[in-house]
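The structure under discussion appears below in the form of structure tokens.
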Amino acid sequence: MAEVNFQKIEKKWQKEWEKAGIFHVAEDSKKRKYYVLEMYPYPSASFLHMGHVRNYTLGDVYARFRRMNGFNVLYPMGYDSFGLPAETAAKKEGIHPKKYTEDAIKKIIEYMKALGLSYDWNRIIASHDQNYYKWNQFFFLKLFEKGLAYRKKSPVNWCEKCESVLADEEAEGGKCWRCGNEVMKKELEQWFFKITDYAEKLLKGLDRIDWPERIKVMQKNWIGKSYGTEIDFEVEGKAWPIFTTRPDTIYGVTFMVISSQHPRLMELVTENQKKEVENFVRKCQKARTAEEIENLDKQGVFTGKYAVNLLTKEKIPVYAGNFVLAEYGSGMVMAVPAHDQRDFEFARKYKIPMKVVIQPKNCKLSSEKIEKAYIDEGIMADSGNFNGMLSSKAIDPISDFIEKKKLGKRAVHYKIRDWLVSRQRYWGTPIPIIYCGKCGVVPVPEKDLPVLLPEKVDFKAKTNPLSSSKEFVNVKCPLCEGNARRETDTMGGFVDSSWYFLRYCDSKNKNKPFDENKVGYWMPVDQYVGGAEHAVMHLIYARFFTKALKDLGFVTFDEPFARLFNQGIVYKDGSKMSKSSGNVVFQTDISDKYGIDTARLFLMFVSSPDKQMEWSDEGVEGSFRIINKLIRLKEKVSGKGDARQESKMNLAVKKATESLEKFEYPRAIISVIECVDAFSDSLSRKNYEILLKLMHPFCPHITEELWHELGNKSFISLEKWPKADESKIDLEFEKQEKQSELVVDDIRNIFRILKEKQNKEPKKVYLYMLPKELGVYKDAKGSIEKSLNVPVEIFAVNDPKKYDPQNKAGKAKPGKPAIYIE
RNA sequence: GCGGGAGUGCCGGAGCGGCCAAACGGGCAAGCUUGAGGUGCUUGUGGCUUAGUGCCUGCACAGGUUCGAUUCCUGUCUCCCGCACCA
């Protein structure tokens, strides 16, 4: 067989596909649409490795599958091209971020094309393109008009290394998501999007989308809804509200704790305690490392003042503490040491009395001897009129009582906080706001958009390079035309990625972010593919943005991604394949050696796409063999195919189709492999073509080549997906096959024994079967002879003329013939 | 600590109530092919037993439900992932 030049074949078909423009799509009301999308990547200068290849191939397989099934498939690609790495490169190597980014994009496109991805390249977008970010600014203004974008001074996460603020989602665990540096708190004027307004909708919407459970759970936890009661405590006649989810413990409150970061903390501090509290506050402000937070000791100081629990009229001390969050609830808590572990630790440390108000059912706790907080349900005690009730059943009556007495009210709180969007960085979308001494905060008029990012700035500047551009900063106020100053903050990259999937629907529109009808046709994304690391960042922002755009009247739906698929991570040598781990296998490493189809096939074949997988250099060989078998099979094309072949083929089509739909790619591939093996003697041309089609999503190039070698003029990429004819599937064939395999196994077993014990070479095999099974095995005779390589003779057990010198025939059972070997 | 997921052969992994544990791929071993390699093909790969169509062991561990469990339930252990002082 002539050597197959995979590289040449790949290039050839990539060129042909592009020339014919077969992956370009337009709205077509007669066809059902399907939108497949992978998260658009950040363009870095490095090559694609197997992790990327897996991710994009995953989507491509699905897109190709849907396309062949007659859907009008939108499958676009673009680049998340604003962001810090480009700016860092500029600082370090003196390359302008624009050049860095655009060079990287050029490269990455080349690699993606070499993968054979069936993108509609006409729709390509890049977020650093002014035709894109103009609309970021446009939406920003719309959100500003609605009060959904606002500015406020607040303590924010600050990364010293990146010299920028971070959103909460970007500073999880007290570390910068980009560089891993410790995050500090800093007071700054910042822009926010009011995602908190949408907390409930974000939560509810999760029920309507088909996403992996764990992502939904992560989002639920991030939104963090809790039902509770707001209760006023009185300090010197003034009401100080607290929030609790456990009003059933209210009679056990023995002190209060206010956050050391609380803006009104000093109001509660007496002259005597002032110095001590101030020292404490300073100590708490210091940057905390992740470990410190983990093992953090509950600490606090007495403020000098007392609060009154209005239900019991008891006077209780107020402490400032380090374990109370200023941002959550009212920044102050009621402390019930007997029934909350944190409060317990604090009380024990500062020798504050405890009071048991919920007793376990099977024993009795005493306030003096309690060893740890009792947080489960129990019987109410020492709680006024509520004594004797089950604590969980007391929550409602107590809340009613509190509301009736006007001491507080039921409330719902969320953990999620507003989305901090401003960054003190250069390489991002300029925020379209002007500060005027007279008129204050003035939005840039829509007609002046885009506010262009100036190219000439000083990257060596210690602060945001944008502020080094006088031409940019100095501006006339749009209202009074007096001297004014531009906002130099830019938007974080997650603004860009919050609506890019909409822009794909109408990527070239100069007048609008997108045409409503086009978006109406394509959206929502039917199948989104991407990593789980974006669970509470991009995936929550994009949902919020879509909901906000709906309320602004731009779109008519409120969930952007109907179905989400998380691909598993590719590992090698025990750790995640990544540049920093130094264990990357590049796309070109494999494509140079075996061709890219082999890489695609292996990645789709070795394990379920949602599971993590281990890269194996040997395993790739297996996929290479499979492709070569498929190629060699072409030589065996002949005849029309008997009923057995038809049955098997249709069964394979059925299985492959079902498996592909469910993202069970390995099973789909296996059903093809089974046919390739089963038909290795001969198969009809039609069936060979079907196999090529089934294999095409995984190995688009070689199947396209073979398709044409057969004399076809069309593209297999656009061929119709085969449909299983269930009437031709006869499971009897499968059963027979299995049976004759078992017989062969038995015979082999005897062969082995004969050889080992008697050193005899078998010459001929006689099979005796039940008369009604005779037909079955007659069919199988040839294949049995072939696999054993000795002649086989078959008799019915009741055949008087049978040759049976050792009377074996009596051993025959249904499905299992008796055997005699000479 | 809380939440999610997983523990199957030498390895990657199928199976998710009985028909079948180990499909499919890899590795290893033997044989054939080849001048030798490589490729390709065939067979074997828990134990015992055997001119076979059988037994035992076995799907992390221990219990349970069931006529029947790798599959469902409970507890334990281990690993991975996410969150983490959210009142």
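Quick caveat: nothing in here was measured; it's all calculated off a predicted structure. Chain letters run A, B, ... following the sequence lines, proteins first, then strands; residues in each count from 1.
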Practice problem: Using whole Å, report how far CD of Glu327(A) lies from P of A84(B). | Solution: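 It works out to 13 Å between those atoms.
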
Could you work out which one of [options] sits closest to the side chain of [X]?
X         : options                : answer
Val217(A) : A51(B), A87(B), G3(B)  : G3(B)
Thr245(A) : A51(B), C80(B), A87(B) : A87(B)
Arg748(A) : U43(B), A51(B), A87(B) : U43(B)
Trp222(A) : C80(B), A84(B), A51(B) : A84(B)
Asp745(A) : G44(B), G13(B), G40(B) : G44(B)

Self-check item: Gap in Å between the two C1' atoms, one belonging to C19(B) and one to G9(B), rounded
Solution: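 Those two atoms are separated by 23 Å.
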
Quiz item: Using the ring of each side chain (for Trp, its six-membered ring), is Phe323(A) parallel, tilted or perpendicular to Phe346(A), with breaks at 30° and 60°?
Solution: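 Rings of Phe323(A) and Phe346(A): tilted, 30 to 60°.
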
Base partner of [N], which must satisfy Watson-Crick or wobble distances under 3.5 Å:
N      : result
U53(B) : none
G1(B)  : C83(B)
U65(B) : none

Quiz prompt | Syn/anti state for G13(B) [syn: chi within 90° of 0] | solution =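 Here the answer is anti: the torsion falls beyond 90° from 0.
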
Practice problem: List in numerical order all residues of residues 651-662 of chain A for which some heavy atom is under 4.0 Å away from an atom belonging to RNA chain B. | Solution: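 By residue number: none to list.
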
Quiz item: Is the NZ or CZ atom of Arg54(A) both under 6.0 Å from the centre of the six-membered ring of Trp615(A) and within 45° of that ring's axis?
Solution: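 Checked: cation-pi criterion not met.
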
Quiz item: Do Ser392(A) and Glu377(A) have a side chain donor and acceptor closer than 3.5 Å?
Solution: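 Yes.
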
Exercise. For the residue pair Thr229(A) and Ser399(A), confirm or rule out a side-chain donor-acceptor distance under 3.5 Å.
Key: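 A donor-acceptor contact under 3.5 Å links the two side chains.
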
Quick check on [N]: is either OP1 or OP2 less than 4.0 Å from any side-chain nitrogen or oxygen of [X]?
X         : N      : answer
Arg214(A) : G3(B)  : no
Tyr820(A) : A51(B) : no
Lys611(A) : A14(B) : yes

Can you name the atoms? Protein N/O to nucleotides 23-29 of chain B N/O, anything below 3.5 Å, with the distance.
unit_1, atom_1, unit_2, atom_2, d
G26(B), OP1, Arg625(A), NH1, 2.4

Exercise. May I ask you to say what Val257(A) touches in the nucleic acid, namely base, sugar-phosphate or nothing, with a heavy-atom cut-off under 4.0 Å?
Key: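 Answer is nothing: Val257(A) stays at 4.0 Å or more from every strand.
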
Polar atom pairs between nucleotides 53-59 of chain B and protein, under 3.5 Å, N or O only, would you list them?
unit_1, atom_1, unit_2, atom_2, d
U53(B), N3, Lys811(A), O, 3.4
U53(B), O4, Lys811(A), NZ, 3.4

